[in-house]
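What follows is a set of notes on a single structure, which appears directly below.
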Amino acid sequence: MSALRFSESVSARLEDGVLLVTIDNPPVNALSAHVRTGLAAALNHAAGTVEIAGVVLTGAGRAFIGGADIREFGKPPVEPSLPDVVGRIEAFDKPVICAVNGVALGGGCEVALACHGRIAVETAAFGLPEVKLGIVPGAGGTQRLPRLVGTLAAIDLIGTGRTVKSLDAMALGLADAVSAHPVATAASLVRQVAGQPLRRTGSLDVPPVDDDALDAAAAKVLAKSRGQSAPAEAIRLVRAAGGVDLEAGLAEERATFLRLRDSTESAALRHVFFAERAAGKVEQLEGITPRRIETVGIVGTGLMGSGIAVAALTSGHRVIGLEQTPEAAAAGMGRIAGLLDKAVQSKRLTAAALDACLARLETTADASALAAADLVIEAVFDDLAVKTDLFRRLNGIVRPDAILATNTSYLDPDAIADATTDPRRVLGLHFFSPAHIMRLVEVVDCAKTAPDVLVSALAFVKRLGKLPIVSGVTEGFIGNRIFSAYRREAEFMVEDGAEPQAVDAAMEAYGFPMGIFAVNDMAGLEIAWARRKRQAATRSPDERYVEIADRLCEAGRLGRKTGRGWYAYPDGVRTIDPNVTAIIDAARAAKGIVPRNFTAEEITDRLLKAMVDEGAALLAEGIAARPGDIDLVMINGYGFPAHKGGPMFAAGRHEERTA
Ligand code: 3H9
């Protein structure tokens, strides 16, 4: 039978009385206007053709349906709306069964929920991730999911936005069956149920559940969604599903969806979504093939090196950890194995995967082992002499085509590259600690880095499952330069009269998990102190310099590890310390500063402005390629709240509001 075409992205063929409808809208089969039109036309065709017993819906390529087309948000609506299409599927007289061949997300999951049966391949996944975009499901998800899986599971899934694989979806009641041939299985289900009463999700009763359990499930989700409104709204809608009829529930869901879709929170999270997809893309590098990286040498298996090793192992690489002595190599092996064990305990890794990782791991004190490496990452003490000496020695050991990366956070990677015979193969890979957990990696494009070396490093970081952001060479790269500007401004305000705890409270209220002084205490004050001492000789006497942090360091207050820093920590609890207040008072008095009051708003405004000004400088200098890259660095490396979109996005919104 020849193919029927219902729109540019929806086609079908009739097979033994079943209309097999395929959505083909690369890359993820999002529900763009032509997909919705095509689906409506396919239903019309099936309704009006007596030989058609029912319909199977499936997706071409890897996805079933990746959700509503996020690029259409903010544009004028085009009929038919997704809720209309979904409603028609559910009310359809003939059976509509979906063959879920890949991810069914957001609107895609809502299409599946409205079908009269759901057959999935084992590798498929279901989810309503709308809260991650600052919205709630808008095509019946909050009303139909609880009818299928119960309110508690629906609160968890919709409130967190997490996805579940097919077998888990089946255990929950979301998928009916898992099949290696979902289209054939779905088609035989159509034939089986045709002419019989259909199981319409919207007609099911929501299973009863007691209020205490609901409160507990809601509290668990809300504990992780500080400052965002979408999860709470989603939970409200899911809870309401048990108490109102479908139509009323759908109307309230739609109204909430439309309100949130136009919110700043949603605009911010959509900005983050697209910024992440753009990250690591460099126009000039398009078409360059990355080198193959299978074996990774890691020099130094301390805290940072062992974290990098775990990230490399769990993404399928071989790892050779190099240390100076056999004892240190054994200790490194222990550290890496310990981190892998923890991953098994927290169910991030299976026992079988752990064995496979250990089989790909070697630690040694014999540098010649690095001859097997495609990429060598140094994670040794952050000292220029140590690093340049190491890179000089690597020259004679590694293969000529091996890539060399430094994990320095502040040193000049160009100086390190120049210590090698071939600086074209050198670049920076700035991991954040703990490296096996943190997603962000600044990929530092040095003056002489070859284009294919940069491309290879970006591909490597993506294979680690991490987020690569390209940075040019500058002290501290993108993140630490902005962080320094942020800290400098915070210290100015403290010297002028704001208390550190007031600065921290303002930023925590804005959405940072921790204010800057608490962060400094956690990270330790000594690295920045050493840097300030290095810079002292070249610092202009006209530059404003706040000495309070130096006084704290001189008093042995190096942060949490010494039990005190900007705060004291009796029993581990962050507490205001009168000794710090006295140091601050003395510093103000020494400069004749009469302390003044700062409102929380002034504090956040000034700190955001400091970040944005530094961000603008980084863009002007060509260190960062896009404002979105800066936002991602601050969100993923420094706790900037994602639902505010990052400093550059937030500044743009602020300007719009005040224009
Ligand atoms: C929703 O459904 C609301 C409804 O409840 C109510 C409506 C009334 N739209 O991530 P990738 C693009 S809200 C448009 O690298 P992967 C993406 O920008 C939606 N474009 O691939 C990228 O473009 P480019 C709920 C989209 O294989 C390309 O596809 N759904 C959409 O690693 C590849 O993306 C979601 O939140 C979209 N919905 O992962 C799901 N999705 O090549 C969001 C992707 O130009 N999507 N693109 O850079 C995802 O989670 C992942 O993209 C997915 C594929 C898992 C699907």
Practice prompt. Taking the six-membered ring for Trp and the single ring otherwise, decide whether the centroids of His271 and Phe273 are under 6.0 Å apart.
Written response: no
Worksheet entry | Arg488 with Glu543: basic N within carboxylate O range, under 4.0 Å | no
Item to complete: To the nearest 0.5 angstrom, please state how far the CZ atom of Arg226 sits from the NE2 atom of His643.
Response: 8.0 Å
Worksheet, complete the sentence: Residues at least two apart in sequence or cross-chain that pass side-chain hydrogen bond (donor to acceptor under 3.5 Å, both in side chains) with Asp577, listed by chain then number, are Arg557, Asn579
Worksheet entry | Atom CD1 of Ile527 with >12 non-hydrogen neighbours under 6.0 angstrom | no
Worksheet item: Taking the six-membered ring of Phe274, is the NZ or CZ of Arg270 close enough (under 6.0 Å from the centre) and on axis enough (within 45°)?
Response: no
Worksheet item: Who pairs with Glu475 by side-chain hydrogen bond (donor to acceptor under 3.5 Å, both in side chains), at least two apart in sequence or on another chain?
Response: Arg531, Gln535
Discussion item. Measuring from atom CZ of Phe640 to atom CE of Met648, what distance do you get when rounded to the nearest 0.5 angstrom?
Written reply: 10.5 Å
Worksheet item: Got a sec, which pairs hit salt bridge (charged side-chain N to carboxylate O under 4.0 Å, His left out) with one end in residues 404-417, sequence neighbours left out?
Response: none
Under 3.5 Å, which donor-acceptor pairs do the side chains of residues 299-309 form with other protein atoms, sequence neighbours left out?
from	atom 1	to	atom 2	distance (Å)
Thr301	OG1	Glu323	OE2	2.7
Ser306	OG	Gly302	O	2.6
Ser306	OG	Leu303	O	3.2

Discussion item. Restricting to salt bridge (Lys or Arg N to Asp or Glu O under 4.0 Å), what partner residues turn up for Arg588, sequence neighbours left out?
Written reply: Glu499, Asp585
Item to complete: Please report the C-alpha distance between Thr256 and Arg236 in whole Å, then the side-chain angles of each, then the deciding distance to 0.1 Å, and finally whether the side chain to side chain donor-acceptor pair (under 3.5 Å) criterion is met.
Response: CA-CA 10 Å; Thr256 310; Arg236 176 178 64 77; 3.2 Å; yes
Item to complete: Carefully, step by step, assess Arg162 and Val164 under the rule side-chain contact (heavy atoms from CB on, under 4.5 Å).
Response: CA-CA 7 Å; Arg162 74 184 180 90; Val164 281; 3.6 Å; yes
Below 3.5 Å, can you tabulate the donor-acceptor pairs from side chains in residues 503-519 to any protein atom, sequence neighbours excluded?
from	atom 1	to	atom 2	distance (Å)
Asp504	OD1	Ile516	N	2.9
Asp504	OD1	Phe517	N	3.0
Asp504	OD2	Ala518	N	3.0
Asp504	OD2	Tyr567	OH	2.5
Glu508	OE2	Gly515	N	2.8
Glu508	OE2	Arg574	NH1	3.3
Glu508	OE2	Arg574	NH2	2.9

